[in-house]
Amino acid sequence: MKRITLLCLAAIVVPLVVLAYLFTPPVADVELPRTDLRLAVWMGVTWSMDDHEPGEIRDLANELLARNVDEAYIYVSYLSADDSFNLTYGQARTFVAQMKRHAPRLRLLAWIGVPVSIKRGDGTTSADRLGSAHIRDQIARFSQFVVYELGFDGLHLNAELIADGDRAYLQTLDQIRKSLPPPIFLSVTAHPLRVVKPVTALPYPALAHHWSQDYLNQVAQRSDQIVLMAYDSGLLFPRDYLNWVAYQTAASQEALQDVDAELLVGLSTSEEWTLSHQTQAETIGIALNGLRAGISDRLDGIGIYPNWETDAREWRLIEFSLGR
């Protein structure tokens, strides 16, 4: 009877201990071992689409300067289902000109979205639009427009979902690079890397859009900056997410040792709970602890998504971590 009682207690206690371990990782306000990291922020379409008083733009510039932000990705447009770019940039030229007046050291990049698979109005689906030479040309010409006509310092391209090894995406980057030669700055987002060793409590699934280190290297060779999106992991447990961010940070640095492109790791402060972004796990505090565990000299900075949902407490934590 005593043995049965002990077994029953163990059956209750052991799972509770395991869950406590997974849900309560040792998270503290972290100072990263380097204070030279760049800081980038993703900013909403309102700044390029809506009319703003000059004082609002001045206040924004001062706010970004006070936080020592180095670059801002300003959402400009996305490639819509009819293969044209959405007209959401009517105030972009004015915004950029005023921001350059108030914050000339701030790098301003036009963030454009490219959904690779899209359902059209007639019910048909385009599974890989980048396979079309016409679409690649559209993207390259719009990239020229946002730089030469709207005044941005360069382009921040967010194309999703890109399968590992996708040659059409590499062709797209080659065409953009040809249309925007240096010193025009080309920044691109990168999907998380495929996990090839035990990192999480349960085996982490390999999806088509999880990139290999080799493919990340190929993308970086065609860019000035890679921003690895270390969020939307789908992980339930905070400890798993911490370990996953550490892995993504270390593996991306290893992959880009021989490439000159800047490497940033993107972290999320989004408050929206989804199956891919489970907010009980993907907090900025846990992400920064994971970053600290994986950082080396190869990392150039971090990106914060999205600026419009990052509250004062989160900013204090970010600035403390960066030593600012």
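Throughout, residue positions are numbered sequentially from 1 according to the sequence presented. What you see is a predicted model; the values in this text were computed from it and never measured.
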Please enumerate all residues that pass salt bridge (Lys or Arg N to Asp or Glu O under 4.0 Å) together with [X], with sequence neighbours excluded.
{"X": "Arg177", "value": "Asp224"}
{"X": "Asp166", "value": "none"}
{"X": "Glu71", "value": "Arg38, Arg107"}
{"X": "Arg101", "value": "none"}

Taking only Lys NZ, Arg NE, NH1 and NH2, and the carboxylate oxygens of Asp or Glu, determine whether [X] and [Y] approach each other closer than 4.0 Å.
{"X": "Lys100", "Y": "Asp153", "value": "yes"}
{"X": "Arg141", "Y": "Asp137", "value": "yes"}
{"X": "Arg222", "Y": "Asp260", "value": "no"}

inquiry  = Restricting to side-chain hydrogen bond (donor to acceptor under 3.5 Å, both in side chains), what partner residues turn up for Glu160, sequence neighbours left out?
reply    =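 Per chain and number, Glu160 pairs via side-chain hydrogen bond (donor to acceptor under 3.5 Å, both in side chains) with Asn158.
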ask   = Got a sec, which residues hit side-chain hydrogen bond (donor to acceptor under 3.5 Å, both in side chains) with Asp36, two or more places apart in sequence or on another chain?
value = Arg34
inquiry  = For His210, give me all partners under side chain to side chain contact (heavy atoms under 4.5 Å, CB included), at least two apart in sequence or on another chain.
reply    =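 Counting only residues at least two positions away or on another chain, His210 forms a side chain to side chain contact (heavy atoms under 4.5 Å, CB included) with Arg194, Tyr204, Leu207.
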task = Only counting residues at least two apart or in another chain, list the ones meeting side chain to side chain contact (heavy atoms under 4.5 Å, CB included) with Glu31.
result = Phe320
inquiry  = Test of understanding: with ring pair (Phe, Tyr, Trp, His ring centres under 6.0 Å), list the residues that count as partners of Trp315, not counting sequence neighbours.
reply    =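 Once residues adjacent in sequence are excluded, Trp315 has no partner under the ring pair (Phe, Tyr, Trp, His ring centres under 6.0 Å) criterion.
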inquiry  = Before we go on, tell me: are the rings of Tyr305 and Tyr231 under 6.0 Å apart, centre to centre?
reply    = yes
Solution key, residues 59-68 side-chain donor-acceptor pairs under 3.5 Å, sequence neighbours excluded:
from, atom 1, to, atom 2, distance (Å)
Asn62, ND2, Arg58, O, 3.4
Glu63, OE2, Arg67, NH1, 2.7

remark   = In short, ring-ring contact (aromatic ring centres under 6.0 Å, His included) pairs touching residues 179-203 with sequence neighbours left out are His191-His209, His191-Trp211
key: Cluster companions of Leu275 among Ile, Leu, Val, Met, Phe, Trp, Tyr (side-chain spacing under 4.5 Å)   =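 Answer for Leu275: Trp273.
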